[in-house]
Q: 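Got a structure here, written out as C-alpha cells. Questions coming.
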Number of protein chains: 2
Amino acid sequence: MNSNQFTKHLNSKEVKINDLVWNKITELVRTNVIPYQYLALQDKIAGAEKSYCIENFIKASKIAEKMKQGIIPPVYPANKWVYDEKNTDDNAFHGWVFQDSDVYKWLEAVGYSLQNHPDNKLQRKADEYIDIICRAQLDNGYLDTLYIINNRDEIFTNLKDYHELYCFGHMVEGAISYYNATGNDKLLNASCRFADLICNTFGDDKIKGYPGHEIAEMALVKLYELTGEEKYLNTAKFFIEERGKKPYYFDIERGRKTIEDNYHYNQAHIQPRYQNEAVGHAVRGVYLYSAMADIAKAYSDNELFDACKNIWDNIENKKLYITGGIGATVDGEAFSFDYDLPNDLAYAETCASIGLIFFARRMGECEINAHYADVTERALYNTVLSGMAEDGKSFFYVNPLEVLPEASRFDSRKRHIKPVRQKWFSCACCPPNLARLISSLGEYIFTQNDDTIFVNQYIGSELKSDKADIIVTSSYIENGKVSFEINTIRSFTLALRIPSWCDNFDLSANYEMRNGYAFIKIDIQTKIEIAFEIKTKIVKCSNKVRANIGKAAVMRGPVVYCIEEVDNGKNLHLLKLSETPNFRYKNDVIFADGFREKEDDALYSEYKAPQYDECKIKFIPYYTWGNRGENEMSVYIRI
Amino acid sequence: MNSNQFTKHLNSKEVKINDLVWNKITELVRTNVIPYQYLALQDKIAGAEKSYCIENFIKASKIAEKMKQGIIPPVYPANKWVYDEKNTDDNAFHGWVFQDSDVYKWLEAVGYSLQNHPDNKLQRKADEYIDIICRAQLDNGYLDTLYIINNRDEIFTNLKDYHELYCFGHMVEGAISYYNATGNDKLLNASCRFADLICNTFGDDKIKGYPGHEIAEMALVKLYELTGEEKYLNTAKFFIEERGKKPYYFDIERGRKTIEDNYHYNQAHIQPRYQNEAVGHAVRGVYLYSAMADIAKAYSDNELFDACKNIWDNIENKKLYITGGIGATVDGEAFSFDYDLPNDLAYAETCASIGLIFFARRMGECEINAHYADVTERALYNTVLSGMAEDGKSFFYVNPLEVLPEASRFDSRKRHIKPVRQKWFSCACCPPNLARLISSLGEYIFTQNDDTIFVNQYIGSELKSDKADIIVTSSYIENGKVSFEINTIRSFTLALRIPSWCDNFDLSANYEMRNGYAFIKIDIQTKIEIAFEIKTKIVKCSNKVRANIGKAAVMRGPVVYCIEEVDNGKNLHLLKLSETPNFRYKNDVIFADGFREKEDDALYSEYKAPQYDECKIKFIPYYTWGNRGENEMSVYIRI
C-alpha cells in the first residue's frame, strides 16, 4: 500500500448539506423517520409490529439492579433467533436477538442529525434512552439485553448466531455519533467499558472467537480513532486474523462440526486475507470487508489490502446490480455466484447497499481511485433512495429489479419480493440503517489528505476544512452542473471525481486527470464550475448475466430508470425499447419510443415473427418506484 | 355429457406393441428396470439408498402373526413423513410413509409386462412378493405397514399426510394388473378385503374423510369395473364429493384449524365439482382429476365433467410446458399461477406427466376430442421419455427446460434441478411409475365404442378386438408414415387422430374429419395408409409466458428438441436461432443456422447493438438430454 494515497473523509460536523435533491430526503429522515422510530422503539406505533427494544433494556436494568443486590435472577432460554411474546415468560427477553441494535442505530442517526440541526427536545429524548440503556449495563461492562435478561451464564457462548458482538458494534457507532454531536459521553463511556471487557475476553491467549455477524471490527477501529486506545485497534485486527482459522472457532464453541460450506455464510470459510470473492450474507460481507480495509490501512498490510481489492473487483464486476444492489439470493440473503443477477428474484437488501457504501468509502481512503465513489453514487441514487417511500413512512428491505405482484403473492420463490414498501418491521434492520446513512451523508462527500480535497459526491454542501471553506452548489442530477465557491486558507489541490457515466465535461479551470479525478491547483479565493454532460443513455448489462440478454436499461447520469405498470399498462415484458428511442426528459420523467408486442392467443403455435404496435414508453427513476400502489415494475426492457 | 361420445380404451392384453421407437424402451423396462427394482425393493443394490419396502412387509407380517396369537405388539411413533434408520428402533417401520406403494407399482409393471412377455421366473418372484405382502394383512383386511408395525391404534387418524389410502390405491392397481396377466387372484382378493374395510369405514354415516394423496378414487373405479361391486364405485364417488366440504375433514381429524390456503396443496380447498383451476401438488391433482373424469362418466354427471373440462383447459392452455411437463414450482411440487412456466426453475415431475396421461385418457373416453391424445403424445415423447436414461439405469424426477450446472450447485432455488439423472432414490416414486406406464403403453393406443375404433397414438402394434384384428406398422416419429392392415370381423369405423402439429397428411381412403379425428368406414379387409407431413418447426410459446419472450423452441412432429453444451459450447443463452434456420434433419439430430452473440467484457456499458458470429446450432431430442454427462441444456433459444 502507498500511504501517499491515503485519505480521510471529512466528518458530518465539517460538512453541512444544502442540496436540492438531498435536503428533502434528509429532512424526511429528521422530521419523520427519526420521530417515528423513536416511538416504534417503545412500541407506541399502533398497528406496527412490536420492537420490544426499550422494553428489553428496562427489563435488563432491573436484572442488573438485582445482581448488584446479590439476588440471583431467573433463567430463560437463550437459544433462538426470535423470542415470541406468546411463547415466552413476560419477564423474559422479547423480539430478535439483535433487537438492542435498533436503538443504537437510532442514536447514531440522531447524533448525525443533531450535528446539522440542533434540537433540544430530540436531544432530551435521546438522553433518556441513553439513561435507560446505561442502567442495563453490568458491572463488568457487559451489555446485551438478551443474555442479561435470559441467562448470564451463557454470555459469549454463541458468537456465531446470537449477535452480542453485533449489538456491541452498533452501540459503539451510536455512542461515537452522539458524542461527536453533543459532547455527551455517557454512552461513549459505557461503550468503552464494554469494549474493554471485549478486549479482555478475546485475544491470542484468551477466547479465540470472532463475531458471527461482523460490525464490531469497524466499530472498534472508529473507537480507536476517537480515543487513541490501541487495544481497540488490536482487537479489531485480532477478529480479522482469527476468522476462518482451522479448527473453526464456531465448531469449538458449539462442540460440533458444522458442514464446512456453511461458513461461507459468515465469511468464515478461510481467513479474510486469503479471500478473493464476495460470498455469504451480503450485509455481513460488506461489514467485514469495510473493516478489512480499515485494518489494511492502519497496518499498511498489503496482503490484506489485496484481498480487499480482489473482493471489491469481484463485487463491482461480477456481483453488482445496475442499481448498486448486492446479494442476488434470498437464501442466506447472500451473494450468489458470478454473473448470477436475476431481476425478479433479487434480494439486494437496502442494508447491503448501505454496507457497500461503507466499504467503498474505506477503499477510497486507501487508494485514489474514482471507482469507489462511482459505486457509492450508484448505490446511493438507486437502491438506497429506493429503500424509503417518498413520504418516509414505509421501507423496502428487498430491492428487486423486476416485480410482478401476482408472482409475489403466488410464487413462494418470490415471497421476499414486496411490490410496495412495508411499515416498520419487528426485524427492523433497514429503516434505522437508512436513517443513519442519510443523516451522515456529509461524511461521503469529501475526503482529504495533506494537500488535496477530493470531491466524491456532487451534493450541495458547505465544507469547513483546514485548507478552505467551500460552498458547493449543485444541480448535478438535473443538469450536471456543480460550482465551488472556495475561500482558501492555504494553497491546496481540489480533485473532482469524473463519474464513469460521463463522456464529456466542461471545467472552468486547468486540470490534470489522474485515477478518475480532475486535479485543480487552488491558490486563491476562486469559483470553480464544472458541467457534466448528462444524457439519457441506454445501458447494456454484460451478456454474461443471463437474466438480461436481449435487454437494456435506461440511465440518466447516475440514476437508473424503470418502467411501471401504472404508466405503461400490464405485461411490461411485452414492451421493447427502440434502438433509437428519441428520449425526452422532463422533471425526472423520460419518454422513449418503443413497441408493444401483440399478445399471443395460443400457448404453443408455429413461430411467426411477433407483431408490434408502436408506443411511447414512460420511464421514472428507479428510486421512486412503488409509490403509486402495487403494480408491475421492471428496470430492464427488451431492445 | 353425451354417452354417444363415450369410449373405452383397449387393454394391454388386447394390444401388443411392436414399434421401432418403443420396443427399445419397453424392453429396457422389462429387462433392466423391472429386475433392478426387484432387487432395490429388497435393498440388494449396493450403493443405492435403501427402500425398506419388503423389509417393512416382513416386519408387518410378524406383527400380524403376533396379533393373531393375542400378543400386543410394541408401539412406535407414526407421526412423520420419513423414518430414518438411525433414529428409530430396528423393529420399527423404516423409510417414507408411502414406501409400500413401491412394490405395488412394481407388481403393476410386472403384470403389464407378463401380458406381452410371459416369464415364469419373473412371475415366481412376483408371487413370492405377493405372499410376503398378504402375510402382513390384518384379519379385518387392513394393510399398511407403517401403522401395522408402529401403531395399530392410529390407523386412519391422519388421512391428510400419511398415505394409507394412497398405498391402498396402488395395491389395487397392482393387483388388477397382475390378475389380468396371470389369473393369480391372491393379491386381488387381498385388495378387495382391504377395499371392503375402506367402504365400511368411510361414507355418509361413517367417517367422512378422504385421501390426502389421491389415487384410491381411481383405483376403486377400476376395482368396480373388474368386480362389478357397486360399493367400490360409490366409495370413490363419496371421496370425490366429500373432499373440500366445510368444516374440512382434515381440520376435524387433526383437531386444529389449518391455514385455509394449505388445502390447495391437496386440492381440498373446495369440492372438486366446483373447481376450475389446476392447483396444488401436481401429481395429486392429476390423480384426482382422473378420478373425477371416471366418476363423471360413470354417473353421467355434467357438472362434474364441466369441472374436469375447466381444469383440463386450464392445464392445456395455461399451465403446460411444451414438453408436456406440469407443476411449475418446487414449492409443494405444485402447479403455479397461469402462464408461470419458468424454464430453469421448473419442477415438471415425471410422475405428474404420467398422471396427466391418466387424466387425458379418461377425458378422451368421456368425449371425442383429439386434444386429449395430443397432450398425451406431448407428455409421452418428451417429459416421460426424458425421465429415464438411455440405459434405463437412472432417472429424472424433475424435468427442467433449462439447466446451468453451476446454478444447480450454488443456487438453492435450483437445487431440485439435477443436471444428470439420478440412481434409485429412497423416495422412489418416479422410476416405478415410469415402469408401470411404459409397460402398459398398449392401453393408450386405442379406444373404442360400439362402432368405432379410435387410434390415439401411432405406435406400431397388433390389436385384437371384436371388430377387427389390426396390425399397425409405424415409422411415425421418423417420417410420419403409419399403415393399418385390417382383418375385419364386422363393419366398423376407424378414427385416426390428426395430431395438432400436423398441417398436411395423405390418407389412402375416404374420410370425414370430426373432433380432430379422420373417420374411415371399414367394411372389408383392407390396408389403410396415412402419411403425416413431418417438418422441423420453430414453435413459439405464448408471450404471456414471461420466461419465453423473444425465444422459440424447435419441434419435429411431437418431439421437442433442445440444445446442449456438449454440442454447442458453453453459454447457450448467447445463441440465437435464425428466423430462416435451414433445418437439416438426420438420425434424430437437427442442425440449424444461427448466431452466437459475442461476449461482453464490462458488466455495464453504453448500449451498442450486439455483435454476432454466424454458427451452426445442433439440436437433439429433449428426451435424450443429460445422457453425456453434466452440461448446460436449453429447450428455448433466442430468435
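Just so we're on the same page: letters track the sequence lines, and every chain starts at 1.
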Q: Of the listed residues (A/Pro610, A/Ala407, A/Gly332), which shares the most heavy-atom pairs with chain B below a 4.5 Å separation?
A: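 Greatest number of close heavy-atom pairs with chain B: A/Ala407.
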Q: Non-hydrogen atoms of chain B under 4.5 Å away: do they reach the side chain of A/Ala552, the backbone, both or neither?
A: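 Contact with chain B: side chain only.
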Q: Can a salt bridge be assigned to the pair A/Glu406 and B/Arg546 using a cut-off of 4.0 Å between side-chain N and carboxylate O?
A: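 Salt bridge between A/Glu406 and B/Arg546, a charged N being under 4.0 Å from a carboxylate O: no.
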Q: Checking A/Glu579 against chain B: side chain, backbone, both or neither under 4.5 Å from a heavy atom?
A: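 A/Glu579 touches chain B through side-chain heavy atoms alone.
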Q: Please state whether the side chain, the backbone, both or neither of B/Ala609 comes within less than 4.5 Å of a heavy atom of chain A.
A: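 For B/Ala609, heavy atoms of backbone and side chain both lie under 4.5 Å from chain A.
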Q: Got a donor-acceptor contact below 3.5 angstrom from the B/Lys544 side chain to the A/Asp600 backbone?
A: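 A pair under 3.5 Å: yes.
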Q: Examine whether an atom of B/Phe337 lies under 4.5 Å from a heavy atom of chain A, and if so say whether it belongs to the side chain, the backbone or both; otherwise answer neither.
A: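 Side chain only.
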Q: I'd like to know whether NE2 of B/His371 has more than 12 heavy-atom contacts from other residues, nucleotides or ligands below 6.0 angstrom.
A: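 At most 12 heavy atoms, drawn from other residues, nucleotides or ligands, come within 6.0 Å of this atom.
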Q: Rounded to the nearest 0.5 Å, what separation is found between the CG atom of B/Asn543 and the CZ atom of A/Arg596?
A: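 Going from CG on B/Asn543 over to CZ on A/Arg596, the span is 10.0 Å.
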Q: Between A/Cys541 and B/Tyr604, is there a side-chain heavy-atom distance shorter than 4.5 Å?
A: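 In short, these two side chains touch, coming nearer than 4.5 Å.
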Q: Identify which of B/Ser336, B/Ala328, B/Ser500, B/Ser542 forms the greatest number of heavy-atom pairs closer than 4.5 Å to chain A.
A: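 The answer is B/Ser542.
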Q: At a 4.5 Å cut-off on heavy atoms, which part of A/Ala553 comes close to chain B: side chain, backbone, both, or neither?
A: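 Neither part; nothing is under 4.5 Å.
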Q: Quick check on the interface: out of B/Asp331, B/Asp503, B/Val545, who has the most heavy-atom pairs with chain A under 4.5 Å?
A: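 Highest number of heavy-atom pairs under 4.5 Å: B/Asp331.
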Q: Under 4.5 Å from any heavy atom of chain A, what part of B/Leu341 do you find: side chain, backbone, both or neither?
A: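 It is the side chain, since no backbone atom gets that close.
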Q: Is the count of non-hydrogen atoms from other residues, nucleotides or ligands lying under 6.0 Å from B/Lys318 atom NZ greater than 12?
A: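 Atom NZ in B/Lys318 is not packed in, count stays at 12 or less.
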Q: Just by modelled atom types, is the A/Ala547 backbone N or O under 3.5 Å from a matching donor or acceptor in the B/His573 side chain?
A: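 Here the side-chain-to-backbone pair does not exist.
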Q: Which bit of A/Asn571 comes within less than 4.5 Å of chain B, counting heavy atoms only: side chain, backbone, both or neither?
A: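 For A/Asn571, the contact with chain B is made by backbone and side chain together.
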Q: Most heavy-atom pairs under 4.5 angstrom with chain B, which of A/Leu345, A/Val330, A/Asp601?
A: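 Of the candidates given, the most pairs with chain B belong to A/Leu345.
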Q: Name the region of B/Lys576, side chain, backbone, both or neither, that has any atom closer than 4.5 Å to a heavy atom of chain A.
A: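 Neither part.
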Q: Is any side-chain heavy atom of B/Ile639 closer than 4.5 Å to a side-chain heavy atom of A/Tyr607?
A: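 Yes, at least one pair of side-chain atoms sits under 4.5 Å.
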Q: Is any side-chain heavy atom of A/Arg413 closer than 4.5 Å to one of B/Arg413?
A: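 Heavy-atom side-chain distance check fails, nothing below 4.5 Å.
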Q: First locate atom CG of B/Asn548, then atom CG of A/Leu603, and finally report the distance between them rounded to the nearest 0.5 Å.
A: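 These two atoms lie 9.0 Å from each other.
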Q: Which residue out of B/Arg409, B/Glu606, B/Met555, B/Lys608 racks up the most heavy-atom pairs below 4.5 Å with chain A?
A: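 Sorted descending by pairs with chain A, the first entry is B/Glu606.
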Q: Report which part of A/Ala334 has an atom under 4.5 Å of a heavy atom belonging to chain B: side chain, backbone, both, or neither.
A: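 Neither; nothing under 4.5 Å.
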